[in-house]
Participant: 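Okay, handing you the structure first.
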Amino acid sequence: MYTPLVVQSCQFAVRGCYFWDGNFFKIMNKRQNMNKRQITFFIGLLAATHSYAQQHVIQGTVKDKDSKQQLEEVNIRYQRGIKHSHTALNGAFSVQPGTFPDTLLLSRIGYLDQMYILKEAKSPIEIEMQKNEVQLSQIQVDAFNSSKTLSKVDLSKIPVNSAQDLLRKVPGLFIAQHAGGGKAEQIFLRGFDNDHGTDIAITADGIPVNMVSHAHGQGYADLHFIIPETVKDIDFGKGAYYADKGDLNTSGYVNFTTLDHLDHNLFKVEGGSFDSWRTVAMLNLVNNHEQNKYAYAAGEFNYSNGPFDIKQNFSRVNLFAKYNQWIDEKHYINLQGSIFSSGWNASGQIPERAVRQGLISRWGSIDSTEGGNTSRMNLAMQYRALISDQESWESNVYLSRYKFQLFSDFTFFLKDPIHGDEIEQVDDRYLYGIENKYNRQFQFDHSQLSWTSGFGLRVDDIKDLQLNHVYQRDELLDRLSHISGVEMNLHAYSNLDWRIGKWTINPAIRVDHLIFNLHDKLKSDPAGQEASATRISPKLNFGYTFSHRAQLYLKTGMGFHSNDIRVVMEQHGKDIMPISYGADLGLIWKPTDNLFIQPALWGLYLQQEFVYVGDEAVVEPSGKTKRLGADLSLRYQATPWLYFDGDINYAYARAIDEPKGENYIPLVPSLTSTGGVSVKLPLGISANLRYRYMNTKPAIEDNSVRAKGYFVNDLLLNYGLGKWNFLVQIQNLFDTKWNEAQFETETRLRNEQQSVSELHFTPGTPFMVKAGLSYKF
């Protein structure tokens with residue numbers, strides 16, 4: 001009697017509708033007993049269904065007006081109704097308007113908004129967008145991607161000049177350097193002293209930065225192989241609410257994405273206080289817009305002696321190259337490689353009493369042979385395939401060769417009164433892995449669904465991991481730990497992002513399976529030790545959009561960080577993957593186009609874990625912990641040339657199983673804030689005044705010793721004239737006396753009879769001026 005029809009398009013699939021063929025009218029003629037109301041109903045249904053089935057899918061491409069390069073991540077909204085879409089990796093999109101005419105509203109960060117009128121069902125279409133200065137008004141109120149667009153605005157308004165500047169772009173993230181500039185920064189975020197990366201997952205172009213089971217500490221993240229001028233985007237998220245982020249994603253994650261092509265070649269040279277020099281060169285090798293083929297190379301050299309009495313002799317060399325192209329309209333490939341090498345001397349952390357007694361100056365050192373060297377080589381390939389207008393596949397393969405050697409002296413003559421307590425930490429490994437991701441888009445009449453699933457493998461092939469007692473770098477006194485091993489992480493995840501009406505519902509689940517194999521070279525028994533564990537991490541996030549200016553969100557999820565391979569074996573596989581439970585309740589609000597406000601309340605619970613103290617080769621339990629806090633991000637663009645930003649972060653962090661008053665978590669600040677003002681005046685003149693504040697924090701568990709807080713300002717002045725650009729950077733503008741890194745440590749100096757436990761510190765940078773000149777061509 002009737003033939004079922006499934007109405008399908010590249011935008012949505014609606015099932016359960018029925019279409020009648022020509023036999024319908026014969027059937028109607030035979031059914032003389034049907035009344036007029038029934039006939040009218042069926043004819044109306046037929047007309048509506050026929051009209052619905054006749055809707056046309058319109059396909060198109062969005063390109064840059066000048067370069068003709070395809071633009072991804074362009075938001076496309078219908079003027080009629082609530083439907084919206086976005087361009088794919090190759091700038092392609094498809095829409096299905098219900099009526100004609102209709103108007104498409106296109107927006108993208110760094111481009112003028114564009115309107116395109118659909119007068120008829122004509123396909124394909126091509127739309128061009130004009131580049132424009134990045135403005136705060138372009139941020140879309142969306143709980144699940146606002147951080148990336150916010151960082152685009154911050155990057156455009158507040159230039160970066162170092163790896164430290166890159167990390168500071170994450171609201172609420174604080175860093176401290178305490179080993180001569182060559183060591184990875186100490187990271188603070190959301191009530192965590194992350195050390196060098198224990199509870200924050202950092203990647204660059206999909207390559208893991210963190211090193212698990214590192215010689216100096218779990219999750220050690222040395223970001224210095226990135227050349228700041230090559231960074232295009234900074235994507236970040238706080239908490240463990242993201243299915244594609246796994247190990248170490250507890251307090252949050254950060255991912256840096258480099259440029260695919262250069263708009264200009266660049267040469268830059270800088271020089272300043274303390275024999276500081278920096279040069280950068282970036283050159284286009286292939287820049288073919290017609291064939292969508294691009295390649296460039298970049299290099300950076302850094303040198304500084306620093307303000308210390310013992311010259312730092314810090315040098316760093318970075319080389320980076322990247323090639324990418326669209327092989328055809330459906331397939332994309334990206335190849336990149338980098339080489340990084342660094343060496344330095346360090347003053348270390350010095351005891352307050354040594355300065356107070358006049359034994360050394362504030363810029364002096366107890367052990368003048370501290371320092372180190374490190375290197376890393378990265379190779380990576382990314383492949384993307386657009387299976388259809390709704391489906392895509394992405395694969396990332398990477399290989400890293402990493403070496404690290406660090407000489408430190410934390411206790412001086414506490415253990416060895418003759419030779420001293422200097423230690424050497426060595427890490428020599430290969431890191432390789434693959435990440436695969438499949439995405440499928442569904443659009444229905446009143447909702448949209450994005451399904452993403454992925455799986456991957458990471459292998460750390462650790463050739464050599466050492467902790468040695470040495471004398472002035474040259475003489476080996478004792479091997480405290482010496483192992484080799486393999487750590488493998490197999491993982492998979494699935495994520496749904498369902499948008500229905502004003503709601504966004506985002507359930508997800510992730511599974512990680514870790515395998516450890518360790519060989520202790522200090523033991524005569526050659527047999528290796530093995531252990532494994534599995535962790536399932538569910539996530540569930542909600543968003544409710546009140547209007548185009550306000551959205552409320554609730555994020556919940558479980559995360560984890562793996563323990564050091566030496567901890568795993570010491571504890572016989574116990575607590576290999578301590579779990580975290582967290583939740584965020586926040587609001588993204590734009591009361592006006594030029595004002596952005598994002599408050600959030602959050603909480604996090606961390607399960608019992610064991611910590612490997614890499615400086616002493618011992619394992620210590622840390623116990624259960626809880627953290628509660630509040631974040632507030634503010635951005636205000638008063639005029640096109642005046643931009644204000646500020647982030648205020650509060651954290652309450654305590655150990656759960658310890659008595660009250662003895663349950664403080666050392667070195668965790670309760671209040672931090674960063675921000676500043678950016679001014680861009682006519683005739684190419686601009687200025688950025690920045691501040692960062694950290695309050696006084698407990699240095700030990702009973703809060704009887706406190707690490708001093710600080711308030712420091714930096715100033716960046718810039719003048720551009722055509723292809724030339726001149727800049728002046730002033731660090732610590734008001735010459736504040738501050739301590740960048742502080743630790744409560746028991747030490748003994750050479751002539752002391754008894755050890756003393758007190759604060760040890762690395763002094764913060766004094767007033768420092770750098771000037772630079774760059775040329776674009």
Participant: Find out whether P307 and T765 are in side-chain contact, i.e. whether some heavy atom of one side chain is under 4.5 Å from a heavy atom of the other.
Facilitator: no
Participant: Is the shortest side-chain N to carboxylate O distance from D222 to K183 below 4.0 Å?
Facilitator: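 No.
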Participant: Does the gap between the ring centers of Y544 and F546 come in under 6.0 Å?
Facilitator: yes
Participant: In Å and rounded to the nearest 0.5 Å, what is the CD1 to CG distance from I339 to L319?
Facilitator: 5.5 Å
Participant: State which residues pass side chain to side chain donor-acceptor pair (under 3.5 Å) with D714; sequence neighbours excluded, sorted by chain then number.
Facilitator: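 Side chain to side chain donor-acceptor pair (under 3.5 Å) list for D714, sorted by chain: R692.
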Participant: Which value, rounded to the nearest 0.5 Å, describes the distance between Q130 atom CD and D64 atom CG?
Facilitator: 7.5 Å
Participant: Could you tell me whether the side chain of Q551 and the main chain of L587 form a donor-acceptor pair under 3.5 Å?
Facilitator: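 A pair under 3.5 Å: no.
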Participant: Residues two or more places apart in sequence or in another chain: which of them pass salt bridge (charged side-chain N to carboxylate O under 4.0 Å, His left out) with R690?
Facilitator: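 Salt bridge (charged side-chain N to carboxylate O under 4.0 Å, His left out) list for R690, sorted by chain: D645.
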Participant: Is there a donor-acceptor pair closer than 3.5 Å between any side-chain N or O of T696 and the backbone N or O of G709?
Facilitator: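 Yes, the answer is positive, given that a donor and an acceptor are paired below the 3.5 Å cut-off.
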Participant: Only counting residues at least two apart or in another chain, list the ones meeting ring-ring contact (aromatic ring centres under 6.0 Å, His included) with F777.
Facilitator: Y775
Participant: At what distance, to the nearest 0.5 angstrom, does NZ of K238 lie from CG of L173?
Facilitator: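 CG of L173 is found 8.5 Å from NZ of K238.
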Participant: Tell me the closest heavy-atom pair linking N649 and G172, and the distance in Å.
Facilitator: OD1-CA, 3.0 Å
Participant: Checking side-chain contact (heavy atoms from CB on, under 4.5 Å) between V231 and each of D233, I234, I227, which is the one that passes?
Facilitator: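 Single side-chain contact (heavy atoms from CB on, under 4.5 Å) partner of V231 among D233, I234, I227: I234.
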Participant: Salt bridge (charged side-chain N to carboxylate O under 4.0 Å, His left out) with K131: which residues, sequence neighbours excluded?
Facilitator: D263
Participant: Could you pull out all residues at least two apart from A380 that satisfy side chain to side chain contact (heavy atoms under 4.5 Å, CB included)?
Facilitator: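 In terms of side chain to side chain contact (heavy atoms under 4.5 Å, CB included), with neighbours along the sequence ignored, A380 is linked to I207, Q336, Y398.
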Participant: Between Y296 and L259 (side chain of the first, backbone of the second, donor and acceptor by atom type, cut-off under 3.5 Å), is there such a pair?
Facilitator: yes
Participant: Going by atom type alone, with no hydrogens or angles, which donor-acceptor pairs under 3.5 Å involve a side-chain atom of residues 269-276 and a protein atom two or more places apart or on another chain?
Facilitator:
from : atom 1 : to   : atom 2 : distance (Å)
E270 : OE1    : N161 : ND2    : 3.3
E270 : OE2    : N161 : ND2    : 3.3
S273 : OG     : V769 : N      : 3.1
S273 : OG     : V769 : O      : 3.4
D275 : OD2    : N305 : ND2    : 3.0
S276 : OG     : S273 : O      : 2.7
S276 : OG     : S304 : OG     : 3.0

Participant: Determine whether E229 and K268 make a side-chain contact, defined as any pair of heavy atoms from C-beta on separated by less than 4.5 Å.
Facilitator: yes
Participant: Please identify each residue that fulfils ring-ring contact (aromatic ring centres under 6.0 Å, His included) with Y636, with sequence neighbours left out.
Facilitator: none
Participant: Going from NE2 on H261 to NZ on K322, what distance comes out if it is rounded to the nearest 0.5 angstrom?
Facilitator: 11.0 Å
Participant: Taking N288 for the side chain and N292 for the main chain, is one N or O donor matched with an acceptor at less than 3.5 Å?
Facilitator: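 No; judged by distance alone, with no hydrogens or angles, the pair does not exist.
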Participant: For a 4.5 angstrom cut-off between non-hydrogen side-chain atoms, does L118 reach L104?
Facilitator: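 L118 vs L104: side chains touch.
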Participant: Between NZ of K776 and CG of N725, what distance do you get to the nearest 0.5 Å?
Facilitator: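 It comes to 7.0 Å.
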Participant: Looking at every non-hydrogen atom in both residues, tell me the closest pair between R362 and G764 and how far apart they are.
Facilitator: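 The pair with the smallest heavy-atom distance is NH2-N, 4.2 Å.
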Participant: Would you please indicate if the ring centroids of Y294 and Y323 are separated by under 6.0 Å?
Facilitator: no
Participant: Using side-chain hydrogen bond (donor to acceptor under 3.5 Å, both in side chains), reason through Q70 and H289 one step at a time and then give a plain yes or no.
Facilitator: CA-CA 9 Å; Q70 295 96 328; H289 295 302; over 6 Å; no
Participant: Search all heavy atoms of E740 against all heavy atoms of Q177 and return the closest pair with its distance.
Facilitator: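 Smallest interatomic distance, heavy atoms only, reads OE2-N, 3.1 Å.
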Participant: Salt bridge or not for K68 and E290, using N-O below 4.0 Å?
Facilitator: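 Here K68 does not pair with E290 in a salt bridge, since their nearest N and O are not under 4.0 Å apart.
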Participant: Is the Lys NZ or Arg CZ of K555 less than 6.0 Å from the centre of Y553's six-membered ring, within 45° of the axis?
Facilitator: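 Yes, K555 and Y553 form such a contact.
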Participant: Return yes if some donor-acceptor pair links the side-chain N/O of T103 with the main-chain N/O of Y116 below 3.5 Å, else return no.
Facilitator: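 No, the answer is negative, given that no donor and acceptor are paired below the 3.5 Å cut-off.
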Participant: Salt bridge between D235 and K152, side-chain N to carboxylate O under 4.0 Å?
Facilitator: no
Participant: Taking the six-membered ring for Trp, are the ring centroids of W738 and Y710 within less than 6.0 Å of each other?
Facilitator: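 Aromatic pair counts; centres sit under 6.0 Å.
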Participant: Quick one: does any side-chain atom of S678 pair with a main-chain N or O of K157 as donor and acceptor, under 3.5 Å?
Facilitator: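 Yes.
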Participant: Just by distance, do the side chain of T639 and the backbone of W641 share a donor-acceptor pair under 3.5 Å?
Facilitator: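 Between the backbone of W641 and the side chain of T639 there is a qualifying donor-acceptor contact (under 3.5 Å).
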Participant: Of all residues at least two apart in sequence or in a different chain, which pass the salt bridge (charged side-chain N to carboxylate O under 4.0 Å, His left out) check with R190?
Facilitator: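 R190: salt bridge (charged side-chain N to carboxylate O under 4.0 Å, His left out) contacts with D584, D631.
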Participant: Hey, is the main chain of L136 close enough, under 3.5 Å, to the side chain of K590 for a donor-acceptor pair?
Facilitator: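 Here the side-chain-to-backbone pair exists.
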Participant: Would you call E72 and K63 a salt bridge, taking side-chain N to carboxylate O under 4.0 Å as the test?
Facilitator: no
Participant: Distance-only, no hydrogens or angles: does the Q729 side chain make a donor-acceptor pair with backbone N or O of L717 under 3.5 Å?
Facilitator: no
Participant: Is any side-chain heavy atom of L715 closer than 4.5 Å to a side-chain heavy atom of N688?
Facilitator: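 Side chain of L715 against side chain of N688, heavy atoms only: no contact under 4.5 Å found.
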Participant: Give the intermediate values and the outcome of side-chain hydrogen bond (donor to acceptor under 3.5 Å, both in side chains) for residues Y719 and S686.
Facilitator: CA-CA 6 Å; Y719 174 64; S686 64; over 6 Å; no
Participant: Can you tell me if N594 uses its side chain to pair, donor with acceptor, with the backbone of Q637 under 3.5 Å?
Facilitator: yes
Participant: Do the rings of F308 and W363 sit parallel, tilted or perpendicular, given the 30° and 60° boundaries?
Facilitator: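 Rings of F308 and W363: perpendicular, over 60°.
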Participant: Under the side chain to side chain donor-acceptor pair (under 3.5 Å) rule, collect the residues that match up with D113, sequence neighbours excluded.
Facilitator: none
Participant: Tell me, please, which residues at least two apart from Y253 pass ring-ring contact (aromatic ring centres under 6.0 Å, His included).
Facilitator: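 Scan of Y253 (ring-ring contact (aromatic ring centres under 6.0 Å, His included), adjacent residues dropped) gives Y242.
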Participant: List the residues meeting ring-ring contact (aromatic ring centres under 6.0 Å, His included) with F340, not counting sequence neighbours, and say none if there are none.
Facilitator: none
Participant: So do M694 and P669 actually touch side chain to side chain, heavy atoms under 4.5 Å?
Facilitator: yes
Participant: In Å and rounded to the nearest 0.5 Å, what is the CD1 to CD1 distance from I202 to I187?
Facilitator: 4.0 Å
Participant: For K502, give me all partners under salt bridge (charged side-chain N to carboxylate O under 4.0 Å, His left out), at least two apart in sequence or on another chain.
Facilitator: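 For K502, no residue satisfies salt bridge (charged side-chain N to carboxylate O under 4.0 Å, His left out) once neighbours in sequence are set aside.
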Participant: Step through the shown structure and confirm whether more than 12 heavy atoms of other residues, nucleotides or ligands are within 6.0 Å of CD on E126.
Facilitator: yes
